[in-house]
Protein chains: 2
Amino acid sequence: MNQDGVDLETSLGYLLKEASSVLRVAMEEVLRPLGMSVTHYSCLELLAQRPGLSNSELARGAFVTRQSMNVLLQTLEREGYVTRPAEAPVGKVLPTRLTPRGRRSLEEATVAVRSVEVRMLAGMTEAEQSGAFRALRSMIHSLRGGNTGNGGSGGA
Amino acid sequence: MNQDGVDLETSLGYLLKEASSVLRVAMEEVLRPLGMSVTHYSCLELLAQRPGLSNSELARGAFVTRQSMNVLLQTLEREGYVTRPAEAPVGKVLPTRLTPRGRRSLEEATVAVRSVEVRMLAGMTEAEQSGAFRALRSMIHSLRGGNTGNGGSGGA
DNA sequence: TGATTCATGTCAGGATTCTGACATACAGTG
DNA sequence: CACTGTATGTCAGAATCCTGACATGAATCA
């Protein structure tokens with residue numbers, strides 16, 4: 001009946017979307033009491049691991065447009081979670097850094113987020129986890145790089 | 001330096017989000033020439049496989065709110081892709097069905113979407129695919145069902 | 001039977017994100 | 001050195017989606 005369709009019940013793409021949706025909901029749930037959105041948290045986490053990231057780099061890392069990230073950064077800066085130099089040291093790039101307050105805020109969030117990740121991984125062996133990791137990486141790579149003869153718009 | 005963080009480089013959650021993002025972009029890319037969004041396509045595909053689905057069921061299947069799905073359905077109905085009875089046969093539920101036009105439209109989209117899925121799965125063995133499938137299913141189940149003592153707000 | 005609870009469809013308002021556009025700064029090429 | 005191409009930060013407008021709220025219909029239960 002649905003042999004010519006994609007068959008959502010067995011589609012890895014659909015399952016991927018579902019998993020992502022459920023993960024997003026779970027993260028929003030634990031982040032909400034902290035007054036933080038997922039993108040908000042992603043931004044802070046990115047900055048903790050790679051201080052000095054620019055707005056555009058942050059946007060790519062959080063999977064939003066640089067315009068959206070810019071709006072967020074302005075808020076975070078105004079509220080004292082991050083700092084940006086008034087003038088660009090080189091070019092137009094404004095390296096962003098966490099303030100102590102931002103770092104404290106992130107610590108709370110990290111605990112919450114980690115609990116979600118732990119819950120998500122519950123019931124999976126190490127082998128299954130690394131298998132899933134490799135599978136996801138492979139999918140990303142295939143989707144980013146290769147085209148099926150579509151006359152590559154090239155992308156990045 | 002980032003050992004007390006979540007370490008985005010090795011986080012399955014982050015990778016999941018990345019994969020989902022890349023998949024979404026790839027789908028939008030092939031669906032755009034057809035004038036169709038991902039939710040739009042999801043709705044049609046859902047209806048093809050399970051005719052008579054209600055607005056709310058469609059919303060859950062496409063991972064959006066029923067309000068958003070309602071807006072989409074009104075457009076699709078107005079443009080002749082789906083039909084809904086003027087009055088509910090039972091209760092308030094309005095069973096939705098694809099029109100021939102909707103079915104034709106879906107066929108085009110299915111070809112496009114399947115090509116993306118094929119590309120995504122390129123380079124993965126059958127075993128890896130079914131492994132990824134099981135892993136994703138496990139994550140969804142763990143995230144949906146179990147709580148780490150957070151006192152389940154039970155979703156809705 | 002009557003009350004409570006739950007799910008659905010829908011309307012209205014608000015928040016978030018995106019698309020489009022512009023000026024600027026660096027890198028590569030002739 | 002001038003020119004082209006790419007990348008960045010930012011502003012403005014539009015589109016999208018969500019949260020909140022309401023009325024209705026069905027199911028559950030006393």
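We name chains A, B, ... by the order of the sequence lines, and we start the count at 1 in each one.
Of the side-chain N and O atoms in B/Thr65, none sit less than 4.0 angstrom from OP1 or OP2 of D/dC17. In this structure, A/Arg84 reaches the D/dT10 phosphate: one of its side-chain N or O atoms is under 4.0 Å from OP1 or OP2. Checking the phosphate oxygens (OP1, OP2) of D/dT16, no side-chain nitrogen or oxygen of B/Ser68 falls inside 4.0 Å. Here A/Gln67 does not reach the OP1 or OP2 of C/dC22: none of its side-chain N or O atoms lies under 4.0 Å away. Put simply, A/Ser37 has no side-chain N or O that comes within less than 4.0 Å of OP1 or OP2 on C/dT16. One finds no side-chain N or O of A/Arg66 lying less than 4.0 angstrom from the OP1 or OP2 phosphate oxygen of D/dC11. Close to D/dT19, at under 4.0 Å from its OP1 or OP2, lies no side-chain N or O of A/Arg32. Within the 4.0 Å cut-off from OP1 or OP2 of D/dT10, at least one side-chain nitrogen or oxygen of A/Asn70 is found.
B/Arg97 CZ: 12 or fewer foreign heavy atoms inside a 6.0 Å radius.
Checked by atom type and distance alone, the side chain of B/Glu117 never pairs as donor or acceptor with a backbone atom of A/Ser11 at under 3.5 Å.
Between B/Leu46 and B/Leu53, some side-chain heavy-atom pair lies under the 4.5 Å cut-off.
Of the two residues near DNA chain C, B/Gln74 and A/Thr39, the one whose nearest nucleotide lies more 5' is B/Gln74. Taking the nucleotide of DNA chain D with the nearest heavy atom to each of A/Asn55 and A/Glu28, the more 5' of the two is matched to A/Asn55.
Separating the NZ atom of B/Lys92 from the C1' atom of C/dG9 is a distance of 5 Å, rounded to the nearest angstrom. Taking atom CE of A/Met69 as the reference point, atom C1' of C/dC18 lies 14 Å away to the nearest angstrom. Here D/dT16 presents its C1' atom at 10 Å from CZ of B/Arg24, a figure rounded to the nearest Å. A straight line from CE of A/Met36 to P of C/dT16 spans 15 Å, rounded to a whole angstrom. Computed from coordinates, the B/Arg78 CZ to C/dT10 P distance equals 14 Å when rounded to whole Å. When rounded to the nearest whole Å, the span between CG of A/Leu73 and C1' of D/dC11 equals 16 Å. Remark: P of D/dG9 and CG of A/Leu53 are 10 Å apart, rounded to the nearest angstrom. Nucleotide D/dA15 holds its C1' atom 16 Å from the NE2 atom of B/His40, rounded to whole Å.
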Please list, one pair per line, the donor and acceptor atoms closer than 3.5 Å that link side chains of residues 98-105 of chain A to other protein atoms, with sequence neighbours excluded.
from	atom 1	to	atom 2	distance (Å)
A/Thr99	OG1	A/Gly80	O	2.6
A/Thr99	OG1	A/Tyr81	O	3.1
A/Thr99	OG1	A/Arg101	N	3.4
A/Thr99	OG1	A/Gly102	N	3.1
A/Arg101	NH1	A/Glu79	O	3.0
A/Arg101	NH2	A/Tyr81	OH	3.4

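Taking the charged nitrogens against the carboxylate oxygens, B/Arg24 and B/Glu29 have no contact shorter than 4.0 Å, which rules out a salt bridge.
When heavy atoms are screened at a 4.0 angstrom cut-off, B/Glu57 is found touching no nucleic acid atom at all. When heavy atoms are screened at a 4.0 angstrom cut-off, A/Val71 is found touching no nucleic acid atom at all.
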